[in-house]
Each structure stands twice: as structure tokens, then as C-alpha cells.
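In this chain, numbering begins with 1 at the start of the sequence shown.
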Amino acid sequence: MAVYDDARGLLAHRLHSQIALHQAYGGVVPELASRDHVARLLPLVREALAAADSTRDSIDGVAYTAGPGLIGALLVGAGFARSLALAWGIPAIGVHHLEGHLLAPLLEAHPPEFPFVALLVSGGHTQLVDVRGIGEYQILGETLDDAAGEAFDKTAKMLGLPYPGGAALAQLAEGGRPGIFDFPRPMLDRPGLDFSFSGLKTAALVALRGRELNEEVRADVARGFQEAVVDTLAEKARRALAATGRRRLVVAGGVGANRRLRERLLETARGAHAELYFPRPEFCTDNGAMIALAGCLRLKAGERGSGAVSARAHWALSEVGAPRASP
Ligand code: KG4
Ligand code: ZN
């Protein structure tokens with residue numbers, strides 16, 4: 001939940017993480033997620049408004065995530081946001097989750113100008129996007145199977161780390177030695193901007209088979225795995241900059257919080273005479289601030305939302321479209 005002001009920027013943001021709720025199950029349990037959203041939404045709105053020193057009278061619109069994702073959880077948020085907007089007599093703007101991610105660097109002090117190339121790496125998506133403006137998104141490449149975050153999480157699980165293990169795997173990798181495990185760099189041997197990470201996960205499984213999982217081996221595998229993912233992402237980002245001629249690279253989504261990835265992308269950007277932009281780690285992973293920002297930009301551009309409760313489990317980023325008065 002967040003309060004965003006177009007002149008003053010982000011006034012407040014609050015996050016209630018459900019990680020502890022789902023951890024025992026090793027993944028998100030849809031029904032538990034929806035129920036927890038119901039319980040948390042109203043208290044979080046009150047908290048965020050108080051922290052922003054704002055009241056409902058100063059709010060001009062309500063932004064919410066309209067998709068893609070788990071439909072039950074989406075419906076809770078969409079129904080709540082639409083009702084709030086109706087009660088307050090203001091528009092409700094449905095935002096695409098990935099649009100929130102790729103605009104998140106605009107929350108920071110030195111935001112990128114359009115156009116830019118975005119590397120979107122989350123638990124559900126891995127995409128390279130040419131961003132020409134709000135809602136002007138061309139997918140340059142995407143994963144053919146697992147998302148980068150999903151590969152991190154599955155490999156982390158093999159290494160005995162709790163869900164979602166991406167950040168914990170990265171931490172483990174810090175103590176690992178380079179070059180002990182040399183995993184494949186999927187799809188680098190052929191042209192194009194698509195990704196594939198499921199083979200890498202299998203390679204990790206094969207490497208671990210029959211080995212004693214001591215601390216050293218786990219750290220070395222984590223290091224080798226992370227290097228392979230990061231190398232692949234960096235090389236595809238380099239190709240995307242070359243193909244489009246863009247001079248700005250944005251990295252966003254949960255995996256964008258990865259320190260080694262940022263390091264490698266800085267080198268990539270430097271080599272391409274481009275500038276790298278990324279949100280602070282807490283705005284890489286899912287958050288309300290990025291949705292508030294995207295909704296605010298759409299509201300300013302004239303979008304008013306329909307009266308409908310909009311929630312879509314499947315929604316391609318390329319279908320989003322520029323802001324418009326009525327959908
Ligand atoms: O964007 P996000 O919060 O949720 C989705 O929209 O999917 O991304 C979550 C993903 C998880 O797979 C998580 O393990 C991964 O981001 N992640 C990381 C790191 N922090 C979060 N992966 C690698 N290194 C990290 N530091
Ligand atoms: Zn996300």
C-alpha cells in the first residue's frame with residue numbers, strides 16, 4: 001500500500017509480506033493468500049494514509065493491480081480498490097503488475113527518461129522490453145520455460161533453503177568459489193533475445209546428485225548457478241541494447257535485487273555506452289509504491305478507469321496500451 005504524489009513523490013509505503021504464511025507449504029497457497037489480503041487491506045490503507053499525513057480528501061485516484069496473477073488474490077485487491085474509489089468519488093485505475101515493475105526506477109532520485117530497454121526478472125516473468133512510453137511496450141524476448149526467479153527458487157530448494165530462496169541462494173553464493181561448478185549458459189550459442197532456465201535447474205540437480213551436501217559444496221553450487229544466470233541475463237541485455245540502439249537499461253523485478261546481477265549489468269551498460277537504472281531492492285520485489293506510481297502517471301495522462309472491477313489472471317504486457325480516458 002502506498003501514497004504517491006505527482007509533485008512530492010512517494011509519501012508513504014507499507015508492506016505486509018505473506019512469505020511466513022506460505023513458507024511451510026514451499027509456495028503460495030492461493031486461498032490463504034486471498035484471505036490474508038482481505039484481513040490486511042483496510043488496516044494498511046489506514047497506516048499508509050497516516051504515515052503520509054494525508055486524509056481521503058487529498059486522494060485523487062486509487063490504483064490497484066489488475067493482473068496478471070492469482071485470480072483470487074487479484075479479485076480481493078480489485079474489489080477493494082474499486083469500492084474505495086466509489087465511496088470516495090474518485091477514479092480506480094487497474095495497473096498491469098509488470099508495468100509497475102518496469103516503472104519502479106521512476107520512484108528513485110535519478111529516474112530514467114523514455115525510451116529505455118527494461119530487463120524484467122521476477123518469480124513469474126523474465127522479459128526484455130523496449131519501453132517507449134507509458135503503455136508502449138514491445139517484448140523483445142522472454143523465457144520459453146522457467147522465469148529467472150523461479151530457477152533461483154527451485155535451485156535454492158535443492159540446496160535446502162526455505163521458500164522463496166532467491167535472496168538466500170545469493171547470500172550462500174557469496175561464500176562460494178568461482179569456477180568449481182561450471183553450469184551451461186542457456187541459449188547464448190544462438191542469436192535472439194529469448195531465455196530458457198529449466199535446463200540450468202536440471203544441471204544443478206545433476207551436479208548435486210550423489211554428493212555430500214556440505215556447506216562448501218552448497219556454496220560452490222550456488223555461486224556457479226548464480227554466475228550462469230547472471231551471465232545469461234547480462235549477455236541478452238547487451239544484445240537488446242545493440243538491437244534497439246537504446247542508451248538506457250532498466251533492471252526491475254525481484255531478481256533485480258541481486259547484487260551480482262547489478263554488478264554485471266553495470267559492466268554491460270558501460271560497454272554499450274548506456275546508463276543503468278534500478279530501483280532500491282525493496283522496490284524490486286513486489287510492492288505497492290510501484291503500482292501507486294504507475295496509476296498516478298496514468299491518471300495524469302487522462303485515464304479514468306471504467307466502473308468495472310478489472311482482474312485478469314492472464315494479461316500480456318504488450319496488450320496494455322497507452323493511458324486512455326475510458327477502456
Ligand atoms: O517481483 P517479485 O517480488 O514477485 C513476482 O512478481 O514474481 O519476484 C520474486 C522473485 C523470487 O523468485 C525471489 O526468489 C527472487 O525474486 N529474488 C531474488 C533476490 N531477491 C528476490 N533472486 C535472486 N537474488 C536476489 N537477491
Ligand atoms: Zn512482481
Side-chain angles (χ1 to χ4, degrees), residues 15-28 101 104-105 108 119-126 143 146-186 195 197-209 211-235 237 251-268 276-287 289-290:
L15 181 103
H16 173 78
S17 169
Q18 291 190 343
I19 286 179
L21 178 70
H22 300 295
Q23 207 149 46
Y25 306 94
V28 175
H101 273 306
E108 301 301 350
L119 173 66
L120 244 168
V121 272
S122 74
H125 294 85
T126 299
T143 185
D146 290 355
E150 195 179 352
F152 261 95
D153 293 344
K154 287 177 178 170
T155 305
K157 192 173 178 183
M158 291 178 216
L159 292 168
L161 299 166
Y163 166 88
L169 189 152
Q171 179 119 38
L172 189 61
E174 298 279 332
R177 294 164 297 172
I180 305 290
F181 289 94
D182 195 17
F183 292 115
R185 271 61 174 159
F195 305 89
F197 290 110
S198 68
L200 196 48
K201 172 192 69 190
T202 311
L205 186 67
V206 170
L208 288 169
R209 196 171 287 159
R211 266 178 212 274
E212 187 207 340
L213 265 193
N214 61 36
E215 208 48 36
E216 196 175 63
V217 170
R218 289 170 72 236
D220 290 343
V221 168
R223 176 81 185 249
F225 170 83
Q226 178 173 263
E227 284 303 313
V229 175
V230 164
D231 264 2
T232 308
L233 293 172
E235 169 57 16
V251 58
V255 183
N258 186 279
R259 196 191 56 78
R260 185 73 186 119
L261 177 63
R262 289 170 176 226
E263 215 171 73
R264 287 282 280 107
L265 288 176
L266 263 176
E267 291 166 20
T268 303
L276 179 68
Y277 299 85
F278 43 78
R280 71 194 81 166
E282 64 180 311
F283 293 156
C284 280
T285 43
D286 290 350
N287 65 88
M290 67 187 194

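- Across all non-hydrogen atoms, the minimal contact from Pro279 to Cys284 is O-SG, 3.6 Å.
- A search for salt bridge (charged side-chain N to carboxylate O under 4.0 Å, His left out) contacts involving Asp231 returns Arg185, Arg264, not counting sequence neighbours.
- Annotation for Ala228 and Leu200: closest pair CB-CD1, 3.9 Å, computed over non-hydrogen atoms.
- The NE2 atom of His16 sits 7.0 Å away from the CG atom of Leu21 when rounded to the nearest 0.5 Å.
- Interatomic distance, Asp146 CG to Thr155 OG1, rounded to the nearest 0.5 Å: 9.0 Å.
- Annotation: side chain of Glu235 is not in contact with side chain of Thr268 (no heavy-atom distance under 4.5 Å).
- A salt bridge between Arg260 and Glu174 is absent, with no side-chain N of the basic residue lying under 4.0 Å from a carboxylate O of the acidic one.
- A pairwise comparison of heavy atoms in Tyr277 and Pro105 identifies CB-CB, 4.3 Å as the closest pair.
- The minimum heavy-atom distance linking Ser122 with Ala147 is given by the pair O-CB, 3.6 Å.
- Using a 4.5 Å heavy-atom threshold, the side chains of Leu205 and Met158 count as touching.
- For the pair Arg218/Leu172, a side-chain contact is recorded, criterion being any heavy-atom separation below 4.5 Å from C-beta on.
- Using a 4.5 Å heavy-atom threshold, the side chains of Asn258 and Phe152 count as touching.
- Taking both residues in full, the closest heavy atoms of Ala148 and Val229 are given as CB-CG1, 4.5 Å, listed atom of the first, atom of the second, then distance.
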Let's go through Leu159 and Leu208 carefully: what are the C-alpha distance in whole Å and the side-chain angles of both, what is the deciding distance for side chain to side chain contact (heavy atoms under 4.5 Å, CB included) to 0.1 Å, and is it a yes or a no? CA-CA 9 Å; Leu159 292 168; Leu208 288 169; 4.0 Å; yes
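- Among all heavy-atom pairs drawn from Ala203 and Pro184, the shortest one is CB-CD, 3.9 Å.
- Using a 4.5 Å heavy-atom cutoff, the side chains of Lys201 and Glu150 are not in contact.
- Going from atom CZ of Phe181 over to atom CZ of Arg223 covers 13.5 Å, rounded to the nearest 0.5 Å.
- Checking side-chain atoms of Thr143 against main-chain N and O of Thr126 turns up no donor-acceptor pair under 3.5 Å.
- In this structure, NE2 on His101 lies 12.0 Å from CG on Leu119, to the nearest 0.5 angstrom.
- Side-chain atoms of Arg262 come within 3.5 Å of backbone N or O of Gly256 as a donor-acceptor pair.
- Residues Val221 and Phe183 meet the side-chain proximity criterion, which asks for heavy atoms closer than 4.5 Å.
- Under the 4.5 Å side-chain criterion, counting only non-hydrogen atoms from C-beta, Val217 is not in contact with Asp220.
- Residue Gln171 places its CD atom among 12 or fewer non-hydrogen atoms of other residues, nucleotides or ligands, all under 6.0 Å distant.
- Annotation: side chain of Val121 is in contact with side chain of Leu261 (closest heavy-atom distance under 4.5 Å).
- Distance check, rounded to the nearest 0.5 Å: CG of Leu169 to CD of Gln226 gives 6.5 Å.
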For a side chain to side chain contact (heavy atoms under 4.5 Å, CB included) check, start with the C-alpha distance between Leu233 and Phe197, then their side-chain angles and the critical distance, and finish with the verdict. CA-CA 11 Å; Leu233 293 172; Phe197 290 110; 3.9 Å; yes
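- Glu108 places no side-chain N or O within 3.5 Å of a backbone atom of Phe278 that could act as its donor or acceptor partner.
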